Number of protein chains: 2
Amino acid sequence: MEKPRVGLKDVARLAGVSVKTVSNVVNGYVHVTSATRSRVEAAIKELNYRPNLSARNLRQGRTGIIALAVPELDIPYFAELARLVVSAAEERGLTVLIDQTGASREREQLVAEGFRAHLIDGLIFSPLALTPEDLAARMDDTPMVLLGERVYDGPADHVVVDNVAAAKEATLHLAATGRRRIAAIGAQDDVAAETSRLRLAGYFEALAEVGLPADDRLVQHVDTYHRADGARAMARLLDCGQAPDAVFCFNDLLALGALRTLLERGHDVPGDVALAGFDDIEDGRYATPTLTTISPDKQAIARQAVDQLAARMAKGSQAEAREIRVPYELMIRESTGG
Amino acid sequence: MEKPRVGLKDVARLAGVSVKTVSNVVNGYVHVTSATRSRVEAAIKELNYRPNLSARNLRQGRTGIIALAVPELDIPYFAELARLVVSAAEERGLTVLIDQTGASREREQLVAEGFRAHLIDGLIFSPLALTPEDLAARMDDTPMVLLGERVYDGPADHVVVDNVAAAKEATLHLAATGRRRIAAIGAQDDVAAETSRLRLAGYFEALAEVGLPADDRLVQHVDTYHRADGARAMARLLDCGQAPDAVFCFNDLLALGALRTLLERGHDVPGDVALAGFDDIEDGRYATPTLTTISPDKQAIARQAVDQLAARMAKGSQAEAREIRVPYELMIRESTGG
DNA sequence: AACGTTGAATACAACGATGTATAGATGAGC
DNA sequence: GCTCATCTATACATCGTTGTATTCAACGTT
């Protein structure tokens with residue numbers, strides 16, 4: 001019943017060679033006679049030997065594991081991203097360990113400070129609540145790539161989408177369909193909520209450009225970016241007396257929540273109210289009406305993040321922090337009359 | 001530029017004590033004078049020392065990591081499950097590494113055969129394409145808990161929902177609303193598709209119980225369980241001449257896809273066609289109409305799986321394989337006129 | 001005063017793998 | 001026939017940590 005852990009030693013004994021020779025076979029070292037090699041391979045198969053990664057990693061100082069830290073896995077945007085990151089990492093022989101921060105500052109600090117130190121070789125991090133100070137205070141020197149707009153001056157690589165431009169483009173599109181009272185759902189009070197600030201900025205830029213007044217009552221604040229927040233915010237908009245004729249939601253979940261409220265109350269979308277989101281999650285493509293949205297190139301985000309992280313792990317930290325810009329696209333669908 | 005890896009040795013030198021004493025402090029060993037302890041703690045902080053997990057794991061023979069192997073992370077059901085498993089594991093001090101099998105038999109075989117051997121202490125596995133033979137051939141002795149109906153006689157623990165009873169209940173509910181032509185979407189040809197078979201069985205049982213004929217043309221087969229498959233299957237149902245007045249979809253994604261097709265073609269739900277799903281993912285609660293569905297207690301699934309796995313890891317493999325049944329609930333919502 | 005008991009700290013070996021140095025075997029070249 | 005180079009395989013040290021055995025001092029007991 002005890003664990004008969006099998007190691008190089010056991011294989012070596014069975015094959016009648018030294019431990020190092022077995023190691024050499026396992027690692028594909030060239031100078032091994034084919035006779036010895038096949039004898040060793042037979043022994044490996046017979047004992048069902050698997051290298052012990054802890055030991056290998058201890059010796060080599062690397063684990064081959066990178067962490068992906070996201071707020072929540074069941075937010076579809078992050079789920080889709082996670083899948084792509086895992087695939088991209090796999091192609092490079094890396095294993096991904098996913099950490100959920102729950103968007104809590106405390107958990108994000110832990111991650112940044114490297115509580116997984118020595119377990120991971122690198123970190124892809126999508127922070128929500130972390131302040132620039134937190135990040136500046138980071139002691140851990142594990143290579144890290146941040147996802148999200150570059151707001152920190154620290155020496156960290158970023159993979160970003162131009163949130164301001166994208167939000168502006170979405171809002172302009174709403175205006176182009178003839179809407180005059182364009183609301184926004186997704187503003188946040190938290191100073192660390194950078195994404196929110198940038199998308200809000202884009203929204204205001206667009207309003208200014210087309211000469212529409214900025215009306216504070218049309219800007220709805222939310223605590224988080226879930227469907228329920230969008231639904232409640234939409235209800236507030238409808239109850240405030242002057243209903244909007246278009247809403248730009250800062251992500252698709254907010255938009256889907258808002259859509260639910262609108263349909264529930266008998267409003268026609270896009271007839272009465274046009275709706276645009278951000279992220280292009282699959283849900284939006286199957287909602288009725290289908291959801292107009294900003295589609296960041298998630299595939300590119302994942303690939304660039306992994307590539308950049310791999311480069312950083314190889315080169316060490318001396319290299320300059322890079323900012324990698326990833327393209328996006330406005331997907332016009334039924335919710336804005338597309 | 002080199003990495004100045006700091007280990008117990010360095011802390012010990014700085015604090016003027018032996019390596020083991022530092023280790024004792026780190027591990028909270030009792031018999032250390034508070035004077036020594038604080039000296040060591042100061043040194044630890046000064047050097048920003050982090051224990052090397054590879055070394056610790058090598059020594060202890062455990063890694064504290066368990067794997068969760070699911071088909072796809074961006075299937076909401078698995079994303080929600082993943083979040084809950086990660087949380088449950090965390091409470092026990094375990095870290096979760098997520099593997100995506102892509103529902104490919106090859107990848108699932110790899111997982112079952114323990115290609116993560118020595119990296120993980122245990123495995124929670126939700127197989128889709130694996131055959132009983134594959135599982136019987138499993139050599140690796142890493143503790144494993146399977147999610148999904150118990151179809152294998154092998155010595156593996158299972159956490160299951162009674163798929164037959166649940167599917168039957170959903171179908172009976174559709175019949176109880178007066179529907180006569182109740183279709184099913186989600187049958188699969190693959191012999192390994194156990195979930196599909198069980199839900200189909202429940203569907204037929206319900207039809208028999210209420211005296212409705214089983215019509216093969218009303219049973220739609222799909223390749224996978226994504227929205228697109230549901231949408232296509234619904235289209236086939238509508239095009240076959242005799243449209244159904246109710247559809248039981250074997251998961252919520254299929255139902256959401258079907259819903260999209262129905263609304264797109266101008267059918268009223270639930271007026272013309274009632275719709276029920278399975279899984280109770282959040283999307284369904286915000287769709288319009290909201291989706292009637294079977295809600296498995298995911299929280300219980302996650303907790304039971306982690307608990308059972310932890311027990312198995314502690315006790316070794318001698319204990320009997322257990323089957324743990326988790327409750328479900330029929331959530332009646334708008335799509336069936338709730 | 002001699003004793004055992006307990007507390008505090010230590011030295012050493014071991015976990016399983018790999019890098020380095022090296023020994024012995026084989027062959028090439030003169 | 002001898003040296004030198006190359007190939008094959010080995011012994012040993014090492015990565016950072018913790019379990020075991022041990023040392024040494026201080027204490028209370030008889």
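All chains are named by letter (A, B, ...) in the order of the sequence lines, taking the proteins before the strands, and each is independently numbered beginning at 1. Computed from a prediction, not measured in an experiment: that's the story for all the values here. Basis for what follows: all heavy atoms, side chains included, without hydrogens, waters or symmetry-related copies.
- Distances shorter than 4.0 Å separate none of the side-chain N or O atoms of B:T21 from OP1 or OP2 on C:dA9.
- With DNA chain C read from its 5' end, the first of the two nearest nucleotides for B:Q60 and B:V17 is the one closest to B:V17.
- For the pair A:L53 CG and C:dT18 P, the computed distance is 10 Å after rounding to whole Å.
- Remark: B:N27 is in phosphate contact with D:dT18, judged by side-chain N or O atoms under 4.0 Å from OP1 or OP2.
- When rounded to the nearest whole Å, the span between NE2 of B:H118 and C1' of C:dT18 equals 16 Å.
- Side-chain N/O atoms of B:S23 include one lying less than 4.0 angstrom from OP1 or OP2 on D:dT18.
- Nucleotide D:dT8 holds its P atom 14 Å from the CZ atom of A:R39, rounded to whole Å.
- We find that B:E133 and B:R138 are not joined by a salt bridge, their nearest charged nitrogen and carboxylate oxygen being 4.0 Å or further apart.
- The distance between atom OH of B:Y29 and atom C1' of C:dA9, rounded to the nearest whole Å, is 9 Å.
- Counting to the nearest Å, the P atom of D:dT17 and the CZ atom of A:R59 are 15 Å from each other.
- For the pair A:D157 and A:R322, the salt-bridge criterion is not met [side-chain N within less than 4.0 Å of a carboxylate O].
- Nucleic acid contact for A:V32: sugar-phosphate only, since backbone atoms but no base atoms lie under 4.0 Å from a heavy atom of the residue.
- The phosphate of D:dA9 has OP1 or OP2 within less than 4.0 Å of a side-chain N or O from A:T36.
- Distance CG (B:N52) to C1' (C:dC15): 13 Å, rounded to an integer number of Å.
- B:H31 has its NE2 atom 16 Å from the C1' atom of D:dT22, to the nearest Å.
- No donor-acceptor contact under 3.5 Å links the side chain of A:K9 to the base of C:dG16.
- Contact between the side-chain N/O atoms of B:R56 and the OP1/OP2 oxygens of D:dT18 is found at a separation under 4.0 Å.
- For the OP1/OP2 pair of C:dA9 and a distance below 4.0 Å, the side-chain nitrogens and oxygens of B:T33 include at least one atom meeting the criterion.
- The interatomic distance linking B:N24 (CG) with D:dT18 (P) rounds to 9 Å, in whole Å.
- Between B:Y49 and D:dT17 there is a side-chain N or O to OP1 or OP2 distance below 4.0 Å.
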